[in-house]
Protein chains: 2
Amino acid sequence: MRQALLEQDGFRSAQDIYASLRVQGHSVGLSTVYRHLQTFAGEGLADVIHTADGETTYRFCGDVGDSKHHHHLVCRRCGRAEEVQGRAVERWADEVARRHGYVQVEHTVEVFGVCAACAG
Amino acid sequence: MRQALLEQDGFRSAQDIYASLRVQGHSVGLSTVYRHLQTFAGEGLADVIHTADGETTYRFCGDVGDSKHHHHLVCRRCGRAEEVQGRAVERWADEVARRHGYVQVEHTVEVFGVCAACAG
DNA sequence: CTATTTGCAAAGTATTTGCCACCAT
DNA sequence: ATGGTGGCAAATACTTTGCAAATAG
């Protein structure tokens, strides 16, 4: 089951993944999907992002516990995602925060678009 | 009522705003809060952002229909926010997207921290 | 047999909608 | 009367939790 989940690709919502699994014949429960997703996210096996309309989506990064800070370029259509880094952004965020006297700074940066394949 | 809503400050969730209004003595309905919030957002009178944990929060920008593209530096504690711009970020996002062949690019960038006042 | 995993169903929480009452015109 | 605004309550949608059956060790 864990396996079946890990084989899913791209950023998908829990509900979406659940539906896919059922269609694929697995008789899995919704709670199981949520439970694993949370576990994965906790272990760093999955990235979590919230789309513009507030949906929570997950994506598996592979088995590598590569915990490096990165952001995503996500296809709005198919959910496919590229992991990207941006020293420029990190610097900008820190600078902005510092200038206003904010501490314990974090930031969320996600880029959405339509990938070459989907754009046709 | 519209007025009472507009007087709220900082980024707050709908539920939060609703609670405040009730405490302040207004006998307002939750739906009214949501309806106005959506209207405001549509008119550009309010900015909407989703916090890291998926909560939807709103903030009033004043009466100016100043629709310029900007981001926020938000205090995690009190909800206060500074509107910031970052040409560097815009450029970076476009560049990253272009490099991977993505089109119709958009991005969400929010910086969270604890403001000087709250950090004490 | 005990511990873990899983699925179902129930409970929660957040948001949207339907509908009727109320206010000013 | 008429249109718009507002409140309550019901309906949705998404996520979490309780619990007992199934499975593994």
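What's counted below: heavy atoms across the whole structure, side chains too, no hydrogens, waters or symmetry copies. In what follows, chains are A, B, ... by sequence order, proteins preceding strands, each numbered from 1.
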For the student: nearest non-hydrogen atoms of Tyr18(A) and Val28(A), plus distance: CE1-O, 3.4 Å
Give a yes/no answer on whether the side chain of Tyr34(A) brings an N or O atom under 4.0 Å of OP1 or OP2 in dT15(D). yes
Relative to each other, are the rings of Trp92(B) and His71(A) parallel, tilted or perpendicular (30° and 60° limits)? perpendicular
Quick one: does any side-chain atom of Arg76(A) pair with a main-chain N or O of Gln104(B) as donor and acceptor, under 3.5 Å? yes
Taking the basic N atoms (NZ, or NE/NH1/NH2) and the acidic carboxylate oxygens, is any pair closer than 4.0 Å for Glu90(A) and Arg87(A)? no
Gln3(B) atom CD is separated from dT5(D) atom P, nearest whole Å, by 14 Å
Kindly say whether Gln24(B) contributes a backbone atom to a donor-acceptor pair with the side chain of His26(B) at under 3.5 angstrom? no
Indicate yes or no for a side-chain donor-acceptor contact from Glu110(A) to the backbone of His72(A) under 3.5 Å, with no hydrogens or angles considered. yes
Using whole Å, report how far CZ of Arg35(B) lies from P of dG4(D). 14 Å
Spacing of Gln38(A) atom CD relative to dC14(D) atom P, expressed in whole Å: 16 Å
If you look at every heavy atom in Ala52(B) and His50(A), which pair is closest and at what distance? O-CE1, 2.7 Å
Distance in Å, Thr32(B) OG1 paired with Leu37(B) CG, rounded so as to fall on 0.5 Å steps: 11.0 Å
Test side-chain hydrogen bond (donor to acceptor under 3.5 Å, both in side chains) applied to Arg59(A) - qualifying residues, sequence neighbours left out: Glu83(A)
Could you measure the distance from the CD1 atom of Ile17(A) to the CZ atom of Phe60(A)? Nearest 0.5 Å is fine. 5.0 Å
I'd like to know if the side chain of His107(B) and the backbone of Val105(B) have a donor-acceptor N/O pair within less than 3.5 Å. no
Using a heavy-atom cut-off of 4.0 Å across all strands, would you classify Thr56(B) as base, sugar-phosphate, or nothing? sugar-phosphate
Going by number, which of residues 20-32 of chain B have a non-hydrogen atom under 4.0 Å from DNA chain D? Arg22(B), Ser27(B), Val28(B), Gly29(B), Ser31(B), Thr32(B)
Quantify the bending of the helix from dC1(C)-dG25(D) to dT25(C)-dA1(D) as the angle between its end axes, each fitted on five pairs, to 10°. 10°
Students should find that the nucleotides of DNA chain C closing off the region near chain A, any atom under 4.0 angstrom from a heavy atom, are dT6(C) to dC8(C)
Atom OH of Tyr18(A) and atom P of dC14(D): how far apart are they, to the nearest Å? 13 Å
Euclidean distance, atom CG of residue Asp16(A) to atom P of dC14(D) [Å, nearest integer]: 10 Å
Can you list everything that forms a side-chain hydrogen bond (donor to acceptor under 3.5 Å, both in side chains) with Arg77(A)? Sequence neighbours excluded, please. none
Might you list the N or O atoms of the protein lying below 3.5 Å from N or O atoms in nucleotides 23-25 of chain D, with each pair's distance?
none

What is the distance, rounded to the nearest whole Å, between atom CG of Leu5(B) and atom C1' of dG7(D)? 14 Å
Roughly how far, to the nearest 0.5 Å, is CD1 of Ile49(B) from OG1 of Thr108(B)? 10.0 Å
